Asks: 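Dumping the structure here so I can ask a few things about it.
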Amino acid sequence: MLSEVIATRYVTPLREGGSLPGIVEADDLGTYVMKFTGAGQGRKTLVAEVICGQLGRRLGLRVPELVAMQLDPVIGLGEPDEEVQALLKASGGLNLGMDFLPGSLGFDPLAYEVGPAEAGRIVWFDALINNVDRSWRNPNTLVWHGDLWLIDHGATMIWHHNWPGAKTSAAKPYDASDHVLARFGPDIASAAAELAPLVTEELLTEVAADVPDEWLVDEPGFDTTDAVRRAYVEALLPRAATIHERLTLGAPAKARPSQAPGWLAERLTPRPHPTKKSGGEGR
Ligand SMILES: Nc1ncnc2c1ncn2[C@@H]1O[C@H](COP(=O)(O)OP(=O)(O)OP(=O)(O)O)[C@@H](O)[C@H]1O
Ligand SMILES: [Mg+2]
């Protein structure tokens with residue numbers, strides 16, 4: 001179970017997030033990034049945040065703490081923005097909170113060096129959860145006190161949008177060529193050897209138990225919320241054992257240069273060197 005807090009003040013919207021998350025204070029005096037059940041992305045995004053965020057934390061990756069946040073929409077009555085008002089009104093009850101990391105910066109692959117071991121762990125984890133949202137376009141990675149922190153696991157586990165085809169979908173490969181950490185030479189083999197054995201049925205059952213019942217009820221094709229939880233376990237468990245064999249990193253090649261910053265064509269073509277002969281003064 002996630003710990004539960006009560007939202008006490010809506011501070012401000014985070015407009016860079018597509019789902020319009022907000023910074024919200026709670027009765028434990030904590031400040032959280034709140035993701036709303038009433039957002040257009042739907043409650044499955046929140047289920048994915050809990051399962052993947054908790055799994056990442058249990059595997060030793062840095063993911064800010066998650067809490068369940070009770071929201072009384074009345075706290076947003078003074079909020080002038082109509083879009084925010086509508087979102088709060090549609091989100092009474094339990095929502096998701098992620099510990100707010102004050103002063104964190106968005107990860108910039110050109111400004112921050114990541115070692116192959118850490119890059120490998122993160123890319124392997126994203127392959128496991130089928131995360132399509134950690135690309136150089138949208139890194140969903142923060143730098144805080146000099147460390148990398150992983151946020152936004154809403155666009156993962158695509159199989160939960162079509163449970164009858166989940167087994168086939170969860171067996172599919174993962175293409176990490178666009179991953180924001182692909183350029184750091186991720187050591188996938190070591191990451192798989194270290195992390196895959198930790199992803200046991202017990203661990204997955206525990207993280208699935210952290211999802212509030214409210215977000216699982218009335219899932220078509222399931223009689224109970226525990227049956228839905230079980231489906232998440234059954235999709236992730238076999239994937240953990242073998243996904244490293246189906247993970248492509250797509251190293252940049254001259255024939256198909258990646259458009260990621262840092263992999264610009266100029267890096268792949270040696271620059272003419274200024275020489276004395278050409279009378280160059282050097283640049
Ligand atoms: N825990 C946090 N601490 C500090 N800032 C955060 C935190 N979580 C999110 N943010 C900021 O809010 C932005 C939006 O958050 P997030 O990416 O989780 O929202 P989203 O609506 O899922 O976004 P997306 O458009 O990527 O789907 C992030 O890019 C980051 O700048
Ligand atoms: Mg995001």
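First listed ligand is number 1; within each ligand, the first listed atom is number 1. Remember, it's a predicted structure, so these values are computed and weren't measured experimentally. The first residue in the sequence is number 1, and the count goes up from there.
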Asks: Looking at atom 30 (C) of ligand 1, what's its closest protein heavy atom, distance included?
Replies: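 In this structure, atom 30 (C) of ligand 1 has I151 CD1, 4.0 Å as its nearest protein heavy atom.
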
Asks: Counting distance only, does the side-chain N/O of R134 pair as donor-acceptor with the main-chain N or O of I151 below 3.5 Å?
Replies: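 Yes; judged by distance alone, with no hydrogens or angles, the pair exists.
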
Asks: Output the list of atoms in ligand 1 that are nearer than 4.0 Å to some heavy atom of G17, sorted by atom number.
Replies: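 Heavy-atom distances to G17 below 4.0 Å select 14 (C), 19 (O), 20 (P), 21 (O), 23 (O), 25 (O).
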
Asks: Considering heavy atoms of the protein only, find what lies nearest to atom 7 (C) of ligand 1 and give residue, atom and distance to 0.1 Å.
Replies: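 Going atom by atom, the protein heavy atom closest to atom 7 (C) of ligand 1 ends up being V33 CG2, 3.4 Å.
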
Asks: Any pair with a residue in residues 89-111 that passes side chain to side chain donor-acceptor pair (under 3.5 Å), sequence neighbours left out, goes on the list, sorted by first then second residue, please.
Replies: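 Counting only pairs at least two positions apart or across chains, the side chain to side chain donor-acceptor pair (under 3.5 Å) contacts touching residues 89-111 are T37-N95.
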
Asks: Nearest protein heavy atom to atom 27 (O) of ligand 1, by residue and atom, and its distance?
Replies: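 That would be D152 OD2, 3.6 Å.
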
Asks: Which heavy atom of S169 sits nearest to which heavy atom of W159, and what is that distance?
Replies: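 Where S169 meets W159 most closely, the heavy atoms are OG-CB, 3.6 Å.
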
Asks: Would you please classify the geometry between the Y232 ring and the H160 ring as parallel, tilted or perpendicular, with 30° and 60° separating the classes?
Replies: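 Ring orientation, 0 to 90° scale: perpendicular.
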
Asks: So Y10 and F36, would you call those rings parallel, tilted or perpendicular, with 30° and 60° as cut-offs?
Replies: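 Tilted.
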
Asks: Protein N/O/S atoms under 2.8 Å of the Mg ion (ligand 2)?
Replies: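 The answer is N140 OD1, D152 OD2.
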
Asks: Measuring from non-hydrogen atoms of S104 to any atom of ligand 1, is the shortest distance under 4.0 Å?
Replies: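 Contact check S104 vs ligand 1: positive.
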
Asks: Identify the protein heavy atom lying closest to atom 1 (N) of ligand 1, giving its residue, its atom name and the separation to 0.1 Å.
Replies: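 Result for atom 1 (N) of ligand 1: D99 O, 2.8 Å.
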
Asks: Compute the shortest N/O to N/O distance between P21 and ligand 1 and return yes if it is under 3.5 Å, no if not.
Replies: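 No, P21 has no N/O under 3.5 Å of an N/O on ligand 1.
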
Asks: State whether the shortest distance between N or O atoms of L20 and N or O atoms of ligand 1 falls below 3.5 angstrom.
Replies: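 No, there is no polar N/O contact under 3.5 Å.
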
Asks: Mark the output for Q41 as yes if a heavy-atom distance to ligand 1 is under 4.0 Å, and as no if none is.
Replies: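 So Q41 does not count as touching ligand 1.
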
Asks: Between E49 and ligand 1, is there a nitrogen or oxygen pair with a distance under 3.5 Å?
Replies: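 No; the residue has no nitrogen or oxygen that sits under 3.5 Å from a nitrogen or oxygen of the ligand.
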
Asks: Could you tell me the residue and atom name of the protein heavy atom closest to atom 31 (O) of ligand 1, and the distance to it rounded to 0.1 Å?
Replies: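 For this ligand atom, the closest protein heavy atom is E16 OE2, 3.1 Å.
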
Asks: What verdict does the side chain to side chain contact (heavy atoms under 4.5 Å, CB included) test give for E219 and K44, after you've listed the backbone C-alpha separation in whole Å, the side-chain angles of each residue and the deciding distance to 0.1 Å?
Replies: CA-CA 10 Å; E219 180 65 23; K44 277 192 184 166; 3.0 Å; yes

Asks: How about CG on L94, more than 12 heavy atoms from neighbouring residues, nucleotides or ligands closer than 6.0 Å, or not?
Replies: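 Yes, the 6.0 Å shell around CG holds more than 12 heavy atoms from other groups.
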
Asks: Could you see which bit of N140 sits under 4.0 Å from ligand 1, with heavy atoms only: side chain, backbone, both or neither?
Replies: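 Near ligand 1, N140 shows its side chain, while the N, CA, C and O stay back.
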
